[in-house]
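Accompanying notes for the structure given below.
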Amino acid sequence: MNFTYRAGADYGKNSVFFVESMGESFPCAAYLVERNRVKNDTKSIYVLEYVISGKGYIECDGKKYTVQKGDFYFLNRLHSHLYYSDKEDPYRKIWINAGGRLLDGVVNAYGLTEGAIVIPDSNTEKYFHRLRELLSDAYLDNSDDTMTECAKVMCEMIITAATEYRKVQRATVSTAERIKDYIDSGLSYNVTLDDIAQHFYLNKSYIISIFSEKYGYTPKQYILQRKMQAACSMLEENLYSIAEIADVLNFSSSQHFSSSFKKKMGISPDEYRHSKKNHT
């Protein structure tokens, strides 16, 4: 890492606004940072970063996020985080760590209360460069003036990020719903993630991310769920053989269908069919 600015040990004495550090992280496969929230810590910080190249990951509140070139992410000071590089394509990023009541107010006012927020193709890079210019010239005699200017820039950055995030949320909901409609409207059960990516001209990782965020499961899991629902109906009707059901639902073989059904439902297709017969 290359530090542009590192505050002294007493940086938290200014409870209105402070910068703990700023710098740039260069590609390193072993890069990993873990931050555990300490309740009532007056020095706890918000982490704001912009990815210049490569790929990385964030784990927070049971969720895992992927970040890549052009992404901005915001880590809330009230949550614990683990973030690290992709080992094959480690990321390079510019970052700033800051805190204080001023940022608390802006963050809360704009609803950025989640543990981690990722904004793809963000326009926030310019604020990082402006902050780097300000902090690279920081010294004791001008520190108050510098912090005042940094506070202004950081508020602008957070407001810009919040506006972008609202757009991402609206797009995420509508796109996820359209993907679900596409899956639901299929006349057959052979739709794949590749089909969805090709139809919507979207990256597969992005599709999985927004669909999971909206519905709590991946497109693949949803497609399998629909297949199992259809399988149960066909087994109850007792008009189709196991092999025919497997073919209709686009399983590679009756064995593949049977093993998938048992894994999902807890019993084999034959056992399910017999249970429904006995029930009726």
Side-chain angles (χ1 to χ4, degrees), residues 1-26 31 33 35 37-38 40-53 56 58 60 67 69-79 81 83 91-168:
M1 289 188 291
N2 180 29
F3 283 89
T4 299
Y5 174 84
R6 299 183 76 170
D10 63 343
Y11 64 86
K13 69 178 183 180
N14 185 346
S15 61
V16 177
F17 173 80
F18 60 84
V19 175
E20 184 256 6
S21 60
M22 183 179 187
E24 186 170 336
S25 302
F26 297 98
Y31 178 88
V33 176
R35 295 186 183 276
R37 174 197 174 193
V38 179
N40 299 325
D41 181 5
T42 58
K43 290 187 175 183
S44 65
I45 54 171
Y46 295 102
V47 176
L48 299 91
E49 308 202 344
Y50 181 87
V51 181
I52 299 170
S53 63
I58 304 164
C60 175
V67 294
K69 180 181 178 180
D71 290 356
F72 164 91
Y73 61 89
F74 167 88
L75 306 182
N76 195 301
R77 72 177 185 86
L78 299 180
H79 297 252
H81 305 93
Y83 49 106
Y91 58 3
R92 176 185 175 191
K93 57 194 177 65
I94 186 171
W95 47 268
I96 186 165
N97 300 334
R101 296 198 310 272
L102 175 64
L103 294 189
D104 288 342
V106 176
V107 166
N108 290 324
Y110 282 86
L112 301 179
T113 55
E114 295 179 44
I117 291 173
V118 177
I119 302 171
D121 301 319
S122 175
N123 291 313
T124 52
E125 183 180 12
K126 60 186 177 183
Y127 299 109
F128 286 93
H129 292 307
R130 177 60 181 146
L131 288 164
R132 183 155 58 184
E133 289 174 4
L134 289 167
L135 290 169
S136 63
D137 292 332
Y139 53 89
L140 187 61
D141 291 341
N142 74 355
S143 60
D144 289 342
D145 291 340
T146 298
M147 287 301 126
T148 298
E149 291 303 310
C150 285
K152 294 177 184 177
V153 176
M154 287 208 69
C155 287
E156 286 183 42
M157 177 163 59
I158 291 172
I159 293 169
T160 298
T163 302
E164 291 179 332
Y165 185 54
R166 284 196 293 269
K167 292 179 180 178
V168 168

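Just so you know, residue 1 is the first one in the sequence shown, and it goes up from there.
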* **Minimal non-hydrogen separation, L103 against A98, with atom names** => CD1-CB, 3.8 Å
* Asked: Under a 4.5 Å cut-off applied to non-hydrogen side-chain atoms, are L131 and T4 in contact?
  -> no
* Structure fact -> Tightest non-hydrogen contact, residues Y46 and G99, listed as CD1-CA, 4.2 Å
* To do: Take the angle between the ring planes of Y31 and Y91 and call it parallel below 30°, perpendicular above 60°, tilted in between.
  => perpendicular
* salt bridge (Lys or Arg N to Asp or Glu O under 4.0 Å) partners for R35, two or more places apart -> none
* Under 6.0 Å from the CZ atom of F26, do we count more than 12 heavy atoms belonging to anything else shown? -> yes
* Structure fact -> By side chain to side chain donor-acceptor pair (under 3.5 Å), S122 pairs with (sequence neighbours left out) T124, E164
* Asked: Closest heavy-atom contact between A161 and I119?
  -> O-CD1, 3.1 Å
Throw together a table of side-chain donor-acceptor distances under 3.5 angstrom for residues 69-78, partners on residues two or more places apart or in other chains.
| from | atom 1 | to | atom 2 | distance (Å) |
| --- | --- | --- | --- | --- |
| D71 | OD2 | Q68 | N | 3.0 |
| Y73 | OH | E49 | OE1 | 2.3 |
| N76 | OD1 | L78 | N | 2.9 |
| N76 | ND2 | L112 | O | 3.2 |
| R77 | NE | D104 | OD1 | 2.9 |
| R77 | NH1 | S44 | OG | 2.7 |
| R77 | NH2 | D104 | OD2 | 3.1 |

* To do: Under the side chain to side chain donor-acceptor pair (under 3.5 Å) rule, collect the residues that match up with R132, sequence neighbours excluded.
  => E24, H129
* Do F17 and M154 come close enough that some side-chain heavy atom pair is under 4.5 Å? -> yes
* Would you say the side chain of V47 lies within less than 4.5 Å of the side chain of V33, judging by non-hydrogen atoms? -> no
* Asked: Which value, rounded to the nearest 0.5 Å, describes the distance between L48 atom CG and I117 atom CD1?
  -> 10.0 Å
* To do: Could you verify whether a donor N or O on one side chain and an acceptor N or O on the other, from R101 and S15, lie under 3.5 Å apart?
  => yes
* What residue pairs, at least two apart or across chains, pass salt bridge (Lys or Arg N to Asp or Glu O under 4.0 Å) with a residue in residues 109-126? -> none
* Asked: Is there a side-chain contact between K93 and V67 (heavy atoms, below 4.5 Å)?
  -> no
* To do: Look up atom OH in Y127 and atom SG in C155, then write down how far apart they are to the nearest 0.5 Å.
  => 11.5 Å
* Which value, rounded to the nearest 0.5 Å, describes the distance between S21 atom OG and Y5 atom OH? -> 9.5 Å
* Structure fact -> Separation between OG1 (T163) and CG (N123), nearest 0.5 Å, reads 11.0 Å
* Only counting residues at least two apart or in another chain, list the ones meeting side-chain contact (heavy atoms from CB on, under 4.5 Å) with E149. => L134, K152
* To do: Nearest 0.5 Å please: distance from the CZ atom of R6 over to the CE atom of M22.
  => 14.5 Å
* Asked: Just by modelled atom types, is the G115 backbone N or O under 3.5 Å from a matching donor or acceptor in the H81 side chain?
  -> yes
* To do: Could you pull out the closest heavy-atom pair between S25 and W95, with the gap in Å?
  => OG-NE1, 3.0 Å
